[in-house]
Amino acid sequence: MNQHTKLDTAPIPFIDIAAQRRRLGKSVDDAVARVLAHCQFVMGPEVRELEAKLAEFCGAKHAISCASGTDALLLVLMAKNIGSGDAVICPSFTFCATAEVVALTGATPVFAEVDEATFNLNAESARKAVATARKLGLKPKAIIPVDLFGLAADFDPILKVATDEGLFVLDDAAQGFGATYKGKSLGTFGLATATSFFPAKPLGCYGDGGAIFTDDDALADTIKSLRVHGHGSDKYDNVRIGMTGRLDTIQAAVLIEKLKIFPDEIEARDRIARRYSDGLRDVATVPEVPAGFTSVWAQYTIRLAPGRRDALANTLKAEGIPTAIYYPIPLHKQVAYRGFPSVEGGLAVSERLSAEVLSLPMHAYLDPATQDRVIDAVRRALAR
Ligand SMILES: Cc1ncc(COP(=O)(O)O)c(C=O)c1O
């Protein structure tokens, strides 16, 4: 940049939900108005329509909508009767909900390590964590890989560990729904998949929401019962302990409209991520997408040399460019989770990542000029 050019420091959004709202125009308003007209606010026709469309989108036999991504994970664990004495293997470098749901059932999360390049669960570490759980007298029951920042987890080796050890796999695709692994969409790996429709997610609604995907008919029936207080033949026939876990009809109506533009948005996100990587590859470690994987880029996260992150974040902030740290503390170091066991040998990679990662503004409507501002600012700050 010419040193006489005035630096643009107007604040830019980290995620521009308003830009998407402008693109959707009246379609969302009309969809919500239809719900306001028919007044079936709970389990209205849009809920079933959305579930059919979500199942078709990813190729799963069943899509069951629910109130949040956290409930989606929890409902699967409840349906599988996970509880006290059981162990569930999950990565430490993730959002807390992945392990929170395990603890909520009374079971023990056992933290495993992630891969340094992809930030996703390392299958060999998961296998070691199963052994750690057994040594502690726990019964390992499941593995929860996470499709962190939108990148599909490496399912083949994880599914192999699960088969060898007699466990089921619950994919935490809260950030990754829409991504693929070896040509198949997330939603089709393991026993079940959970996703979140929190507004900031690649496919978000206008409040809280989530969904579960499975090909297992019996599991789908149990989850549908659990999301409405464990109902049997009707809602006043209570055959199991459940919860209020339904998706609101208004949110389903919003999601039906958003799903129409989702494939196009996934393409845009990928284009933007590649552009970031081309602009930053020589100054920072840019995210890697292995061959055969895709990402929906829930976050675009770079990694910096030790000690460089805070100064970079502060410089960007001063120029109106927001950043975020996902996640500053790995779960095994969090107050609420540090009492739970970790894989033998420790979690050095998760700890390093927590100290070195930085997420940049990322959404489908990031225009080239704004993106260039971010790239230029990062490059200038790191050249100092
Ligand atoms: C990896 C992961 N798991 C689970 C969740 C929980 O989703 P929700 O916020 O919809 O409960 C989130 C989202 O915040 C997440 O990022």
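What you see is a predicted model; the values in this text were computed from it and never measured. Note that ligands are numbered from 1 as they come in the structure, with each ligand's atoms numbered from 1 the same way. The analysis underlying the following values was restricted to heavy atoms, covering all of them including side chains, and did not include hydrogens, waters or symmetry mates.
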Next item on the list: Decide yes or no for S92 and V114: does some side-chain heavy atom of the first lie under 4.5 Å from some side-chain heavy atom of the second?
Entry: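 Contact flag for S92/V114 side chains = no.
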
Please list, in number order, the atoms of ligand 1 under 4.0 Å from a heavy atom of [X].
{"X": "S68", "answer": "10 (O), 11 (O)"}
{"X": "A174", "answer": "2 (C), 3 (N), 4 (C), 5 (C), 12 (C), 15 (C)"}
{"X": "A97", "answer": "4 (C), 5 (C), 6 (C)"}
{"X": "T70", "answer": "6 (C), 7 (O), 8 (P), 11 (O)"}

Among all the protein's non-hydrogen atoms, which is closest to [atom], and how far away is it?
{"atom": "atom 13 (C) of ligand 1", "value": "K201 NZ, 2.8 Å"}
{"atom": "atom 16 (O) of ligand 1", "value": "Q175 NE2, 2.8 Å"}
{"atom": "atom 1 (C) of ligand 1", "value": "D172 OD2, 3.4 Å"}

Next item on the list: Going by the side chain to side chain donor-acceptor pair (under 3.5 Å) test, name the single residue among Q40, Q251, H38 that passes it with E46.
Entry: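 Exactly one option meets the side chain to side chain donor-acceptor pair (under 3.5 Å) with E46, and it is H38.
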
Check: At a 4.0 Å cut-off, with the gap strictly under it, does some heavy atom of V146 reach an atom of ligand 1?
Finding: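 It does, in that a heavy atom of V146 comes within the 4.0 Å cut-off of ligand 1.
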
What donor-acceptor contacts under 3.5 angstrom involve side-chain atoms of residues 161-172, with partners at least two apart or in another chain?
| residue | atom | partner | partner atom | Å |
| --- | --- | --- | --- | --- |
| T163 | OG1 | L159 | O | 2.8 |
| D164 | OD1 | K160 | NZ | 3.3 |
| D164 | OD2 | R127 | NH1 | 3.2 |
| D164 | OD2 | R127 | NH2 | 3.2 |
| D164 | OD2 | K160 | NZ | 2.9 |
| E165 | OE1 | R134 | NH1 | 2.8 |
| D172 | OD1 | A174 | N | 3.1 |
| D172 | OD2 | T98 | OG1 | 2.9 |

Notebook entry, point to check: Any chance CZ of R240 has more than 12 other-residue heavy atoms, nucleotides or ligands included, within less than 6.0 Å?
Noted result: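 More than 12 within 6.0 Å, yes.
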
Notebook entry, point to check: For S196, is at least one N or O under 3.5 Å away from an N or O on ligand 1?
Noted result: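 Between S196 and ligand 1 (N or O atoms, distance only) the closest approach is under 3.5 Å.
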
Checklist line | Sub-3.5 Å N/O-N/O distance, G69 and ligand 1 | finding: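 Yes: some nitrogen or oxygen of G69 is under 3.5 Å from one in ligand 1.
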
Item checked: Results of side-chain contact (heavy atoms from CB on, under 4.5 Å) for T105 - residues two or more places apart only ->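 Result, side-chain contact (heavy atoms from CB on, under 4.5 Å) vs T105: L74, L77, I82, A107.
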
Margin query: Testing the 3.5 Å rule here: is there a donor-acceptor pair between the side chains of S277 and Y300?
Written below: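 Judged by distance alone, the side chains do pair up.
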
Margin query: What I want to find out is whether D216 reaches K80 closely enough, with some N-O distance under 4.0 Å, to be called a salt bridge.
Written below: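 Not counted as a salt bridge, because no side-chain N and carboxylate O are separated by less than 4.0 Å.
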
